[in-house]
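To find a chain, count down the sequence lines: A is the first, B the second, and so on, and within it residues start at 1.
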Number of protein chains: 2
Amino acid sequence: MVVRLNAMGVTTVFSHTLAEGSGFTPEQVRKDFSEYKIRGHRRGGYSTEKLLSDMESLFKRDRMSNVILVGMGNLGQALARYQQLQQRGINIVATFDIDPYKQKSRTEYQVYSMDRLQEIVERFSVLVAIVAVPDISAQDVCSQLIDMGIRGIVNFSPVMLKVPEFVVVNNVSLSDEIESVIWFVRSLKKGPTLYL
Amino acid sequence: MVVRLNAMGVTTVFSHTLAEGSGFTPEQVRKDFSEYKIRGHRRGGYSTEKLLSDMESLFKRDRMSNVILVGMGNLGQALARYQQLQQRGINIVATFDIDPYKQKSRTEYQVYSMDRLQEIVERFSVLVAIVAVPDISAQDVCSQLIDMGIRGIVNFSPVMLKVPEFVVVNNVSLSDEIESVIWFVRSLKKGPTLYL
DNA sequence: GATTTAATGTGAAACAATTCACAAAATATG
DNA sequence: CATATTTTGTGAATTGTTTCACATTAAATC
């Protein structure tokens, strides 16, 4: 958003502008900026240029993050072709699948077989992996990854991965996201957060 | 999870079992069940069979929910082929795209052009739509959908949709999910929740 | 059948997040 | 240059969520 504004030639933004565009309240925006020592001007708002550089260093978007993608089924392939990741500084250095036929896929990426994992993780010192494999193999793949040095996992499979506490896991469930909207629409009030 | 346990012949579960498998604490599980009047037995835990039927009626998974999918790019196609949705009672009744060539896609779904929207939303009384179109067309598509009676939107585009208050929107950003893991791994402490 | 054990169910306490309210600063206006 | 206006920055109040602690129940054991 700030990128767009800056590109449009806007030099300053106000907390309420950012809030409207991002779904937060102006107070939340200011509190969060404040906590990370990002300062604005009393009356002139925030400078888009300064904001951009502050946020780049804060999120460390200045250098690209190398990640690997394991599992080249439907979702894996979609992620591999997903433009936005590059723009956000997320660089998929390699993709993997047990099935060598997935190599035929229409992705520009080469799909490696699992036995090349070690080599590539080491070569690019990759710390984060995206797991988009079927549930049955998720835990197995996950354990392998951790052994090879992976310390962060974005898990698209619907199983709770068992990991040591020094590994961070983010579980993303597309079904849950859709189901929660269905729930809201049907009941028009807040439902339980629990999906088993 | 409960489905699997029940299929395996397990007749009772404890709150701590469910907690471990789902990433919540036992207290959270019990509180949530309690709020929705799902009762267990003071020593025998919860009956999987009863749980299953209670949850089905609670989430209204007993009948299928009809949704439509707009935008058959990479992500759209992946979602259209995503098995898990069916299992969760989410039924994609039709898919749409402005580009008629997307009809050639390897999906079993027919891809309709946008002018069939009205007809199909009405015919199947669809209330929820999944939006996986490029950012530039997101707001436009969204407004059309609402005019046609859609009341819930799962938004995969990176723009904040402007909607009337009777419409519920769930914004899902795959980049954010990945970036947050990168953040955690790099800093090993909690970062800001704000991504602009 | 008395006692121990293992679980639920739920108030109360602790903690976290959000909103409110307003002083301080900087610009704009007359 | 005095006054009004706009916006930040942040304590204080509110609201929401998670954890704790324990009474209650039912089964298991002795």
Tell me: [atom1] of [X] to [atom2] of [N], nearest whole Å?
X        : N       : atom1 : atom2 : value
Phe14(A) : dT6(D)  : CZ    : C1'   : 8 Å
Asp32(B) : dT19(D) : CG    : C1'   : 15 Å
Glu27(B) : dC15(C) : CD    : C1'   : 15 Å
Lys37(B) : dT8(C)  : NZ    : P     : 18 Å

Most 5' of Glu35(A) and His16(A) on DNA chain D, judged by nearest nucleotide =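 Its nearest nucleotide lies further toward 5', so the answer is His16(A).
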Picking from dT7(D), dG11(D), dA7(C), the nucleotide nearest the side-chain atoms of Lys31(A) would be dG11(D)
To the side chain of Gln28(B), which of dT19(D), dT8(C), dT18(C) is closest?
-> dT19(D)
Should the pair Tyr112(B) and Phe96(B) be assigned to parallel (<30°), tilted (30 to 60°) or perpendicular (>60°) ring geometry?
-> tilted
Is the shortest side-chain N/O distance from [X] to OP1 or OP2 of [N] below 4.0 Å?
X        : N       : answer
Tyr36(A) : dG9(D)  : no
Arg39(B) : dT25(D) : no
Ser15(B) : dT8(C)  : yes
Thr25(B) : dT19(D) : yes
Ser34(A) : dG9(D)  : no

Derivation of the side-chain contact (heavy atoms from CB on, under 4.5 Å) call for Val128(B) and Arg151(B) | CA-CA 6 Å; Val128(B) 173; Arg151(B) 290 296 170 262; over 6 Å; no
Do Gln118(B) and Glu122(B) get their side chains close enough for a donor-acceptor pair, meaning under 3.5 Å?
-> yes
Assess the side chains of Ser175(A) and Arg88(B): does a donor N or O sit below 3.5 Å from an acceptor N or O?
-> no
Got a salt bridge between Glu119(B) and Arg123(B), using NZ or NE/NH1/NH2 to carboxylate O under 4.0 Å?
-> yes
Check the surroundings of atom CD in Gln83(A): do more than 12 heavy atoms from other residues, nucleotides or ligands lie under 6.0 Å from it?
->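 Open.
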Straight-line distance of His16(B) NE2 to Thr25(B) OG1, nearest 0.5 Å =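 Taking NE2 in His16(B) and OG1 in Thr25(B), the distance rounds to 12.5 Å.
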Quick one, give me the B/S/- string for nucleotides 22-30 of chain C, reading 5' to 3', where B means a protein heavy atom under 4.0 Å from the base and S means that only happens at the primed atoms, P, OP1 or OP2.
-> -BBBBBS--
